[in-house]
Amino acid sequence: MPELPEVETIRRDLAAELSGRAIETVRVHQPDIVLPPPGPAAFVDRVSGRRIGSFDRRAKYLLLRLLGDELVQVQLRMTGRFALGTSLPDPEEFTHLAAEFDLDDGRTLFYDDTRRLGGFRLLSSADWASIEAKLGPEPLEEGFTAAVLAAALADRRAPVKNVLLDQRRVAGLGNIYAAEALFASRLDPRRAAGSLSAEEVERLHDAIRATLLDALEHAGTTFSDYRAVNGSSGRFQDRLKVYGREGSPCLRCAEPIVRIVQAGRSTCFCPSCQH
DNA sequence: CTTGTACCCTGACCGC
DNA sequence: TGCGGTCAGGGTACAA
């Protein structure tokens, strides 16, 4: 589900609310959303009573840092979502409540996940550090230059779209924003990643940043499931230029947008003006 | 090492 | 109205 802009929107909504709070009790309704080790029962036991240091994001992960040497890594995957309040804000929307975290201010952090592909993992700082080390650069941070992107794409024969989705190469991009960035930079998603010229890499680099920043400004994209913490939809879906527009005229050249399958996921692009 | 495929799960939608 | 097939913002395990 959510890609960098959506996950970052959630982080911004929750960070100030959660930091400094203590988690008094935890209820896990769907055990399979807790990834072992340590397993659901131990997870409840070890997270209950802990105080939250900060609430961060890396790639598409949310990180609930606990005081002491541990953190809860949250993956929303496709349908995971949060709400914060004294009661379930919208029972009609939260039909697959998977976990609840009661806070020391009387409010509860609710986690709902229709498909249960997302989940929680309690990690030591050392375990997280080894996971973190394998993730690619954050595209919105200073260090993400065109040269860094060029290095991530170099010598790769896989299609550039697939490489952009590989979190070890660039962190945070998913199916929507990879397609949008390739459209904005007029690059054919089927091109071998390593075949891009320096000028093309620069175009792609600028497009990735501009697309993500624009999406962040519009609180992300709500295609079907994603909601911000207060339940509101993103607004970027109205600004999508290729994703989900199969058969519609290209906004640049009016030729029909086509959909192909790459690495098992659909890619929308304009064969007439993306080269 | 790189690359592709299957799979986890539910629900919405489409054609018959 | 029902049924089967397909698809969905992701990531991981495993095979080649």
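Per chain, numbering begins at 1; letters A, B, ... match sequence-line order.
Side-chain N or O atoms of R169(A) include none that pairs as donor or acceptor with a backbone N or O of V163(A) at under 3.5 Å.
Side-chain contact, H96(A) with Q30(A): no donor N or O sits under 3.5 Å from an acceptor N or O. Looking at Q73(A) and R121(A), their side chains do bring a donor and an acceptor atom within 3.5 Å of each other. Using a 3.5 Å distance cut-off with no hydrogens or angles, the side chains of Y177(A) and E6(A) do pair a donor with an acceptor. In this structure, a donor-acceptor pair under 3.5 Å is absent between the side chains of T221(A) and Y243(A). Checking T79(A) against D225(A) by side-chain atom types alone, no donor-acceptor pair falls below 3.5 Å.
Distance, L76(A) CG to dG11(C) P: 10 Å, rounded to whole Å. Straight-line distance from the CD1 atom of I131(A) to the P atom of dG11(C): 13 Å, rounded to whole Å. Atom CE of M78(A) is separated from atom P of dA12(B) by 15 Å (rounded to the nearest Å). Between the P atom of dC9(B) and the CG atom of D225(A) lies a distance of 17 Å, rounded to the nearest Å. Whole-Å rounding puts the Q30(A) CD to dC9(B) C1' distance at 11 Å. Taking atom CD of E180(A) as the reference point, atom P of dG9(C) lies 12 Å away to the nearest angstrom. When rounded to the nearest whole Å, the span between CG of D32(A) and P of dC7(B) equals 18 Å. The distance between atom CD of Q262(A) and atom P of dA8(C), rounded to the nearest whole Å, is 13 Å.
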Each nucleotide N or O in nucleotides 12-16 of chain C that has a protein N or O under 3.5 Å away: list the pair and distance.
| unit_1 | atom_1 | unit_2 | atom_2 | d |
| --- | --- | --- | --- | --- |
| dT12(C) | OP1 | Y61(A) | OH | 3.3 |

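Within the nucleic acid shown, T222(A) comes within 4.0 Å of at least one base atom, counting heavy atoms only. If you check every strand for non-hydrogen atoms under 4.0 Å, T221(A) touches a base.
At least one side-chain heavy atom of E138(A) sits under 4.5 Å from a side-chain heavy atom of R57(A). Within the 4.5 Å cutoff, no side-chain heavy atoms of V261(A) are placed close to those of T267(A).
A stem is defined here as three or more consecutive Watson-Crick or G-U pairs, each with both distances under 3.5 Å; for DNA chain B these stems are B:2-8 with C:10-16, B:10-16 with C:2-8.
Annotation: ring pair (Phe, Tyr, Trp, His ring centres under 6.0 Å) contacts of F101(A) (sequence neighbours excluded): F120(A). By the side-chain hydrogen bond (donor to acceptor under 3.5 Å, both in side chains) test, S195(A) is found to be paired with R191(A), residues two or more places apart in sequence or in another chain being considered.
To the nearest whole angstrom, the two P atoms, one in dC3(C) and one in dC9(B), are 22 Å apart. Nucleotides dT6(C) and dA6(B), compared at atom P, are 13 Å apart to the nearest Å. Spacing between dG9(C) and dC13(B) at atom P, rounded to whole Å, works out to 16 Å.
Residues from residues 234-243 of chain A placing a heavy atom under 4.0 Å of any atom in DNA chain C, listed by number, are Y243(A). Scanning residues 161-177 of chain A for heavy-atom distances under 4.0 Å to DNA chain B yields N162(A), R169(A).
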Quick one: do F82(A) and F94(A) satisfy ring-ring contact (aromatic ring centres under 6.0 Å, His included)? Show the steps, please. CA-CA 9 Å; F82(A) 281 114; F94(A) 276 66; 9.4 Å; no

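Regarding the sugar-base torsion, dG4(B) falls in the anti class, its angle being beyond 90° of 0.
Of the side-chain N and O atoms in H96(A), none sit less than 4.0 angstrom from OP1 or OP2 of dC9(B). The shortest distance between the side-chain N/O atoms of T79(A) and the OP1/OP2 oxygens of dA8(C) is not below 4.0 Å.
Comparing R116(A) and G264(A), the nucleotide of DNA chain B nearest to each residue sits closer to the 5' end for G264(A).
The local environment of CD in E202(A) is sparse, with at most 12 non-hydrogen atoms from other residues, nucleotides or ligands closer than 6.0 Å. Shown here is N230(A), whose CG atom has more than 12 heavy atoms of other residues, nucleotides or ligands within 6.0 Å. Annotation for R27(A): atom CZ counts as buried by contact number, over 12 foreign heavy atoms lying within 6.0 Å.
Look at R81(A) and D112(A) and you find no salt bridge, because none of the NZ, NE, NH1 or NH2 atoms lies under 4.0 Å from a carboxylate O.
When each of dT10(B), dG9(C), dT3(B) is scored by its nearest atom to the side-chain atoms of R115(A), the top-ranked nucleotide is dT10(B). Comparing dG11(C), dT3(B), dG9(C) by their nearest atom to the side chain of K60(A) picks out dG11(C).
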